[in-house]
> 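So that we are looking at the same thing, I have put the structure below in structure tokens.
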Amino acid sequence: MHRIAVVPGSFDPITLGHIDVIERAAGLFDELHVLVVHNPGKTALLPIAQRVSLIDQAVREAGLPNNITVTSWSVGLLVDYCTDVGASVLVKGIRSQIDVAYETPMAIVNRDLAGVETVFLLPNPAHAHVSSSLVRQVAALGGDVSPYVPSAVANYLQARTE
Ligand code: PNS
């Protein structure tokens, strides 16, 4: 059986914590789709196409396996994308109890809607404090985000603030 999983998220921008989860997930499934999805509850910094491009560069920069596809989804439910591509599993990284509380209702709704299960992975604790929102804030105030993001992202954010 060919197992396809999706790692969905805002990725605004992708961090080293995301890369860690993507690498672990790529080892567990035959095909992995990293999917940039609009989160209606968040105000975005980067355009979706830019986020896809940065993830593409970061995946190559990290030398991740070639079973990874990077794309975006902006029409309808996340599970509609899963159905379209034949994916039966969503993968999310869990850093803390706060993440568990945030992710649990979404996982249950996605299972109710389309029978898509969510698998939670525990990332490297070294990245437990890293979030896209923190990266956006540090970058906006002129701080160095290079310890937290792939170099393609650090370079892009640096160029934006110059
Ligand atoms: O990285 P994020 O912002 O925590 O990711 C959340 C995201 C984008 C995966 C979530 O908001 C989502 O699934 N949006 C798509 C809309 C949808 O399908 N909603 C119903 C199920 S939660």
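Note that ligands are numbered from 1 as they come in the structure, with each ligand's atoms numbered from 1 the same way.
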> Quick one: look up the protein heavy atom nearest atom 15 (C) of ligand 1 and list residue, atom name and how far away it is.
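For atom 15 (C) of ligand 1, the nearest protein heavy atom is V37 CG1, 3.5 Å.
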> Should you measure from each heavy atom of Y102, which atoms of ligand 1 turn up under 4.0 Å away?
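Within the 4.0 Å cut-off of Y102, ligand 1 contributes 2 (P), 3 (O), 4 (O), 6 (C).
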> Can you find an N or O of L78 that's nearer than 3.5 Å to an N or O of ligand 1?
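In this structure, L78 places an N or O atom under 3.5 Å from an N or O of ligand 1.
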> Is it the case that over 12 heavy atoms from other parts of the model lie below 6.0 angstrom from the CG atom of D112?
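Yes, enclosed.
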> Would you check whether K92 has a nitrogen or oxygen atom less than 3.5 angstrom from a nitrogen or oxygen atom of ligand 1?
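In this structure, K92 places no N or O atom under 3.5 Å from an N or O of ligand 1.
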> Taking atom types as modelled and ignoring hydrogens, do the side chains of S53 and Q57 form a donor-acceptor contact shorter than 3.5 angstrom?
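Indeed, the side chains of S53 and Q57 share at least one donor-acceptor pair under 3.5 Å.
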> Heavy-atom contacts with L77 under 4.0 Å: which atoms of ligand 1 show up? List them by number with element.
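Here the atoms of ligand 1 in question are 17 (C), 18 (O), 20 (C).
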> Quick one: which of S10, C82, P40 has a heavy atom closest to atom 2 (P) of ligand 1?
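Heavy atom nearest to atom 2 (P) of ligand 1 belongs to S10.
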> Which heavy atom of the protein is the closest neighbour of atom 11 (O) of ligand 1, given with residue, atom name and distance?
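Protein heavy atom with the smallest distance to atom 11 (O) of ligand 1: N39 CG, 3.5 Å.
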> Side chains of V89 and V6, heavy atoms from C-beta outward: is any pair under 4.5 Å?
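V89 vs V6: side chains apart.
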> Need the ligand 1 atom indices (1-based, order shown) with element for anything under 4.0 Å from a heavy-atom of N110.
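In order of numbering, the contacting atoms are 21 (C).
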> Please lay out, stage by stage, how H33 and Y81 fare under the test side-chain hydrogen bond (donor to acceptor under 3.5 Å, both in side chains).
CA-CA 10 Å; H33 296 212; Y81 176 86; 2.7 Å; yes
> For residues V7 and L32, determine if any side-chain heavy atom of one lies less than 4.5 Å from a side-chain heavy atom of the other.
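Contact flag for V7/L32 side chains = yes.
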> Please indicate whether E61 has more than 12 foreign heavy atoms, meaning atoms of other residues, nucleotides or ligands, lying under 6.0 Å from its CD.
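Yes, the 6.0 Å shell around CD holds more than 12 heavy atoms from other groups.
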> Side chains of V34 and T69: closer than 4.5 Å at any heavy-atom pair?
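No, side chains not in contact.
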> If you measure every N or O of K42 against every N or O of ligand 1, does any of those distances drop under 3.5 Å?
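Looking only at distances, the answer is yes, because the N/O contact criterion of under 3.5 Å is met.
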> Mind listing the closest non-hydrogen atom pair of P105 and Y102 along with its distance?
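Closest approach of P105 to Y102, heavy atoms only: CD-O, 3.6 Å.
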> Can you pull out the closest protein heavy atom to atom 22 (S) of ligand 1? Residue, atom name and distance to 0.1 Å, please.
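Nearest protein contact, heavy atoms only, for atom 22 (S) of ligand 1 is M106 CG, 3.5 Å.
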> Kindly indicate whether atom 6 (C) of ligand 1 is approached by any protein heavy atom to under 4.0 angstrom.
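Protein heavy atom within 4.0 Å of atom 6 (C) of ligand 1: present.
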